[in-house]
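So the structure is just underneath, and the comments pick up after that.
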Amino acid sequence: MGRRPGDAQSTGPRGMSEKKHVKPDTRLVAAGRRREWTQGLVNPAVWRASTILFDDIAAMHDAEPVRDGILHYGRNGTPTTWALCEALTGLEEGAALTRLYPSGSAAVAGALLSVLAAGDELLMVDSAYGPTRAFCDTVLRRFGVTTHYYDPLLGAGIADLIGEKTRAIFLESPGTYTFEVQDVPAICAAARARGVATLIDNTWATPLYLPALALGVDISILACTKYIGGHADLMLGSVTVTEPFATRLERTRRVLGQTAGPDEAWLALRGLRTLSVRLARHQESGLRVARWLAGQPQVARVLHPALPSCPSHEHFARDFKGASGLFSIVLKGGDEAAAARLIERLTLFGIGYSWGAFESLAVPGHVTRTCGAAEREGPLVRLHIGLEDADDLIADLAQALASYPG
Ligand SMILES: *Cc1c(COP(=O)(O)O)cnc(C)c1O
């Protein structure tokens, strides 16, 4: 008797998406779809809940300990959020559990708070997302955690920075704005040898293009706001962990009161179904635009991990299965004001924060560095290449660049 797509084939409430033998694109289609959650619909309903009513006190007690798949209280999830969690867990080889947060930044904070305590030291990549740095420099600092920033191009040499109090190493690859590609396996091996936890912000690649846990990372964080949602209409974050970190993550989330709304989870699950085709198009157009930009006289450098000119491109070639649509250019000469005029001359690129949705965006790059910043030939502009026709985007960039730095 054959199984039908979406039939429950689970091994437990945390169940990794079964069908491990099929390829990721196939897994994406029915991931997290259990019949008891969908009642046969292709997509689960949006379950909005705070109170769950029990028949009697015994039934109320039976809902504990809190676990996915058993309705307990709104903050602990409903079938809509469990379906997304299970789908995200199923995308990561070696994953045991996924928890949701109201934004990517909340996911970063929730993950760090689940592994750190007063007196601990954290090694944070110097090219990390700005709000991640700010969390370390303000809240973690206030609670007695010391953050040391390390060079994103440091690989196995990170072993020299691991001290008695080092409890965690945070990676983000490629780096925000500057796109350095880290040596993830070497850093994870050094961490594991010393019993230090590793966390990665995997928002740029998603598990489809960087199988972080399979490379040795313990905790993988996504701003689902970006590519998972994919339509610029939701804020959501996720943290996916290996088994040894599952209990800590969930306990910390629960006492912090972190939870995600069912509408956001539903939209993210819907976005997830088309993630692979969207990423393929972001990759193809992004590379076309990047290669064209590399040949323009106003452009000093293109910081795109898939181009050999990008710092540590060899790590990209070895570890990544693809590139998404976000990269930067370093302009030749000119200043911040000239870069702003360039961005404002673009007609097909929106000006705004976030990225990963279907539309192209351009913003000035703001680079903060503790370990020392490389000299640049001019201002940095970050581009997100959306799903528009790449020829149109190139024509738009050509007209805007024509008068640069004017
Ligand atoms: C946007 C972003 C975040 C934060 O996500 P929000 O949902 O906006 O809070 C974290 N990390 C990276 C790399 C991001 O680009």
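In each ligand, atom 1 is the first atom listed, and ligand 1 is the first ligand listed.
- Of the charged side-chain nitrogens involved, at least one lies within less than 4.0 Å of a carboxylate oxygen, so that R133 and D126 count as a salt-bridged pair.
- Salt bridge absent: E64 and R254 never bring a charged side-chain N and a carboxylate O closer than 4.0 Å.
- Protein heavy atom nearest atom 2 (C) of ligand 1, with residue, atom name and distance: K226 NZ, 2.4 Å.
- Of all atoms in ligand 1, listed by their number and element, those nearer than 4.0 Å to a heavy atom of S105 are 4 (C), 5 (O), 6 (P), 9 (O).
- Here W204 has no heavy atoms under 4.0 Å from ligand 1, in either its backbone or its side chain.
- Residue, atom and distance of the protein heavy atom nearest to atom 7 (O) of ligand 1 are T225 OG1, 2.6 Å.
- Against a heavy-atom cut-off of under 4.0 Å, M235 is close to the following atoms of ligand 1: 6 (P), 7 (O), 8 (O).
- D389 and R288 are not joined by a salt bridge, as no carboxylate oxygen comes within less than 4.0 angstrom of a charged side-chain nitrogen.
- Of all atoms in ligand 1, numbered sequentially from 1 with element shown, those under 4.0 Å from a heavy atom of E172 are 13 (C).
- Ion pairing of E250 with R253 is present here, as a side-chain N (NZ or NE/NH1/NH2) and a carboxylate O approach within less than 4.0 Å.
- The protein heavy atom nearest to atom 4 (C) of ligand 1 is Y129 CE2, 3.4 Å.
- A side-chain N or O of S360 and one of E388 form a donor-acceptor pair less than 3.5 Å apart.
- Per-residue contacts place G104 under 4.0 angstrom from the following atoms of ligand 1 (heavy atoms of the residue considered): 4 (C), 5 (O), 6 (P), 7 (O), 9 (O).
- Near W355, with a cut-off below 4.0 Å to any heavy atom, the atoms of ligand 1 are 15 (O).
- In this pair, F327 and H304 present their aromatic rings tilted. The plane angle is within the 30 to 60° band.
- Remark: distances from the non-hydrogen atoms of D201 to ligand 1 include one below 4.0 Å.
- Listed by first and then second residue, the ring-ring contact (aromatic ring centres under 6.0 Å, His included) pairs that reach into residues 329-361 are Y227-W355, H231-F358, sequence neighbours excluded.
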